[in-house]
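Treat the numbers as computed from the prediction; the structure is a model and nothing was measured.
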Amino acid sequence: MSKEQVVVHPHQVETMMSDWVTAKILSSPAVTRSTSMSAVSIFFEPGQGHIRHHHPDSDQVIFVISGQGEHTTEDAHGKQVKHPIAAGSLIHIPKGSYHATFNTGWEPLRILALYSPPGPEAHMRESAEFKVIPVGDIPARG
């Protein structure tokens with residue numbers, strides 16, 4: 001693990017875009033050399049979200065910065081449970097737990113997703129679903 005402190009600004013990293021989200025990987029082994037955690041700033045467009053999925057090897061924490069939405073978890077019996085979320089909400093998703101997040105508001109739902117250990121952010125970057133916008137370029141839809 002690196003002992004060096006690192007400050008990362010959004011304009012210093014590339015932007016990841018899909019039809020439903022804009023994201024910036026602010027911490028990963030490639031960005032900060034951290035091997036214990038990663039962080040991704042994510043904007044869900046109004047009416048958009050991600051499908052039910054899980055991270056088999058990483059715990060995840062989601063902190064809602066702004067906007068409102070709905071987060072779906074599963075109880076101990078596998079039944080889906082929907083939770084309203086808004087600015088200040090924190091969601092802890094244990095490794096292997098299925099979940100989904102959806103923007104129910106009129107403005108972007110802005111979250112910070114943390115993963116421990118890193119890995120899910122690398123899968124996002126490698127996915128054909130996402131377009132990588134180089135550092136310095138302005139992301140645009142369409």
In the single-linkage hydrophobic clustering (I, L, V, M, F, W, Y; side-chain heavy atoms under 4.5 Å), do [X] and [Y] co-cluster?
{"X": "F130", "Y": "L109", "value": "yes"}
{"X": "V6", "Y": "M37", "value": "no"}
{"X": "V61", "Y": "L112", "value": "yes"}
{"X": "Y98", "Y": "V81", "value": "no"}
{"X": "M124", "Y": "F63", "value": "no"}

Minimum heavy-atom distance [X]-[Y], with the two atoms named:
{"X": "A100", "Y": "I51", "result": "CB-C, 4.1 Å"}
{"X": "T104", "Y": "G69", "result": "OG1-CA, 3.3 Å"}
{"X": "S41", "Y": "R110", "result": "OG-NE, 4.4 Å"}
{"X": "K82", "Y": "T72", "result": "CG-OG1, 3.7 Å"}
{"X": "I42", "Y": "A23", "result": "CG1-CB, 4.1 Å"}
{"X": "G67", "Y": "E107", "result": "CA-OE2, 4.0 Å"}

Could you tell me whether the side chain of [Y] reaches within less than 4.5 Å of the side chain of [X], counting heavy atoms only?
{"X": "T15", "Y": "K131", "value": "no"}
{"X": "R52", "Y": "E74", "value": "yes"}
{"X": "L26", "Y": "V13", "value": "yes"}
{"X": "P94", "Y": "H92", "value": "yes"}
{"X": "I65", "Y": "I111", "value": "no"}
{"X": "I85", "Y": "I91", "value": "yes"}
{"X": "R125", "Y": "M16", "value": "yes"}
{"X": "H71", "Y": "I93", "value": "yes"}

Q) Mind checking whether H11 and H9 have parallel, tilted or perpendicular rings, split at 30° and 60°? A) parallel
What pairs meet the side-chain hydrogen bond (donor to acceptor under 3.5 Å, both in side chains) rule with one or both residues in residues 58-67, with sequence neighbours excluded?
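Non-adjacent pairs meeting side-chain hydrogen bond (donor to acceptor under 3.5 Å, both in side chains): H55-Q60, Q60-H99, Q60-Y115.
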Grouping ILVMFWY residues whenever side-chain heavy atoms fall under 4.5 Å, the cluster of F43 otherwise contains none
Q. Can we say K24 and E14 salt-bridge, meaning some charged N sits less than 4.0 Å from an Asp/Glu carboxylate O?
A.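 Salt bridge absent between K24 and E14.
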- Item | Ionic contact status for E4 with R33, cut-off 4.0 Å |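 Salt bridge: yes.
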Between [X] and [Y], a side-chain donor and acceptor under 3.5 Å:
{"X": "H54", "Y": "S97", "value": "no"}
{"X": "T73", "Y": "H83", "value": "yes"}
{"X": "E129", "Y": "W20", "value": "yes"}
{"X": "S38", "Y": "E121", "value": "yes"}
{"X": "S34", "Y": "S27", "value": "no"}

Is it the case that over 12 heavy atoms from other parts of the model lie below 6.0 angstrom from the CG atom of D137?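 Result for CG/D137: enclosed.
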query: When you measure from the side chain of S127 to the backbone N and O of H123, does any donor-acceptor pair fall under 3.5 Å?
result: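 No, because the side chain of S127 does not come within donor-acceptor range (under 3.5 Å) of the backbone of H123.
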Between F102 and H50, does the ring centre distance come in under 6.0 Å?
no
